[in-house]
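This report refers to the structure that appears directly beneath it.
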Amino acid sequence: MRLEKFLTTTEHLERAKEKIEVLWAKGVDFSREEVASAKEQNRMLLLDMDFTSDCQLHCYYCDRTPDRFQQGNREMLTTEDRKNLILQAKELGARTVEFPGSGEPMIDEGFWEVIEFVHLNGMTPVIFTSGWHLDDSAIDRLYDLGATIFLKYNSTNPEINDDIVMVKGYGEYVDKVLKKLVAKGLSGSVPTRLAIDLVMTPRNEDLEDVANIFRWCRENNVHNYISTLIPEGIADRKSKLFEKNRAYSFVKHLAKIDQEEFGLQYEPVLPMAGGYRCRQVNVGLFVNLYGEVYDCNGLGRFLGHIRVNSLKDIWNSRYARHVRDKEQDGHCAVRERVWDETQLKGFDRKLEDYYLWEKVNGSDPILLSGLRKRENPNELITVEDLNEVK
């Protein structure tokens, strides 16, 4: 598909010369100043939460690990659980609730009830979607609910899009969905409420095509969420990883386009293109399908379990405070630990940092009680049990 320019104003680009966050999508547009203020006041800004693990796509680079699959005897979150967590996050100061998956969020039977609840509580719902369920009615409804949409879009070539997600016809379908989202006006505000979620892989390593998508996003006020693979799950194979230096080369290439064609100056930082710097670790928590809590939806570091402790207790635990103390500013610990060739696999990776910290600082009872619940999901954790792990 040839991406056509539709926006006539360059206001967003002019404003971005003073503040690059203007180009980031609403709900994830956390500036360095806002993050610093939140850290000083111990405020949470973002709750990240999984919906169902079901998905119609079969992306060959899928980064989901067993921590995010619907399996075993672990108790899954209910719609009421999610609404309760949203209220807990709001009390801590959150203004955004993000839904990255773990499968297709819109399949979940409680999807609309939860999104409406987020909106009623004055927060921004951010939804990562394949677009399969974005018909006219759904687009209208999400627009009215103030949602920001991240649409999976890996190439302007429909056949390549089909190949990446391994579903015939997806490429042509998602082209139509993108046009509908634009026509609805989701990119008509600053910051935008529309983003393209593009993962650079060996199957779409056409840098010129990616650069053209990047240019189109800039011209039309669409957030370009362009990155390399998260090396977890199916993507955790050496033959499929983008090496660190190759990732940096495409990030630098797009930064050069920004400088020469759009007058935007910034220092490119891995793993995201376009000057975007994820700051989730400093201001948010991620809760997976089973109530297990991590620092980010890449399943970076395990922090606790909502079946044992409240979100507030986990947020204020000693280890969680340590995790968010250092400024993230775009750094991705999930990718870095693989680029640095960690020998650990699976869940052991998610505890590696904690055990190093524990040797110096002593144990964190919040994390250990959560870990016990994770390993023994049917066990009833009592107050005496919590005292036992201190």
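It should be emphasised that the depicted structure is a prediction, and the values quoted were computed from it without experimental measurement.
Nearest heavy-atom pair across H12 and R218 is NE2-O, 2.7 Å.
L178 has its side chain within reach of L3: a pair of non-hydrogen atoms, C-beta onward, lies under 4.5 Å apart. Between S155 and N161 the shortest side-chain heavy-atom distance falls below 4.5 Å. The shortest side-chain heavy-atom distance between F150 and V28 falls under the 4.5 Å cut-off.
Of the charged side-chain nitrogens involved, at least one lies within less than 4.0 Å of a carboxylate oxygen, so that D29 and R95 count as a salt-bridged pair. The existence of a salt bridge linking R321 and D364 is excluded, since no basic side-chain nitrogen approaches an acidic carboxylate oxygen closer than 4.0 Å. Using a 4.0 Å cut-off between a side-chain N of Lys or Arg and a carboxylate O of Asp or Glu, R318 and E358 do not qualify as a salt bridge. Classification of R15 and E18 as a salt-bridged pair fails, no side-chain N sitting under 4.0 Å from a carboxylate O. In this structure, K350 does not pair ionically with E292, as no charged nitrogen and carboxylate oxygen lie closer than 4.0 Å.
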Step-by-step ring pair (Phe, Tyr, Trp, His ring centres under 6.0 Å) determination, H322 to Y319: CA-CA 5 Å; H322 157 75; Y319 180 62; 5.6 Å; yes
R141 vs E116, side-chain contact (heavy atoms from CB on, under 4.5 Å): CA-CA, chis, key distance, verdict: CA-CA 10 Å; R141 197 170 176 184; E116 288 174 355; 2.7 Å; yes
Between N288 and F302, does a side-chain contact (heavy atoms from CB on, under 4.5 Å) hold up when you go through it step by step? CA-CA 11 Å; N288 74 357; F302 181 79; over 6 Å; no
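Between the side chains of R324 and N42, at least one donor N or O sits under 3.5 Å from an acceptor N or O. Checked by atom type, the side-chain pair D140/S137 shows no donor-acceptor distance below 3.5 Å. In this model, no donor atom of one side chain and acceptor atom of the other lie less than 3.5 Å apart for N220 and S187.
In this structure, the separation between CG on D50 and CG on L289 is 5.0 Å, given to the nearest 0.5 Å.
When the shell of 6.0 Å around CD of E40 is examined, it contains 12 or fewer heavy atoms from other residues, nucleotides or ligands.
E159 is linked by a side chain to side chain contact (heavy atoms under 4.5 Å, CB included) to N157, counting only residues two or more places apart in sequence or in another chain.
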Sequence neighbours left out, cut at 3.5 Å: what donor-acceptor pairs do the side chains of residues 107-114 make with other protein atoms?
from	atom 1	to	atom 2	distance (Å)
D108	OD1	G110	N	2.9
D108	OD2	T52	N	3.2
E113	OE2	K83	NZ	3.0

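Residue pairs meeting the ring pair (Phe, Tyr, Trp, His ring centres under 6.0 Å) criterion with at least one member in residues 159-189, sequence neighbours excluded, are W132-Y170, W132-Y173.
Remark: the backbone N or O of G291 is not paired with any side-chain donor or acceptor of R374 at under 3.5 angstrom.
Results of the side chain to side chain contact (heavy atoms under 4.5 Å, CB included) test with Q280 over D295, L285, N297, V35 single out N297 as the only residue that passes.
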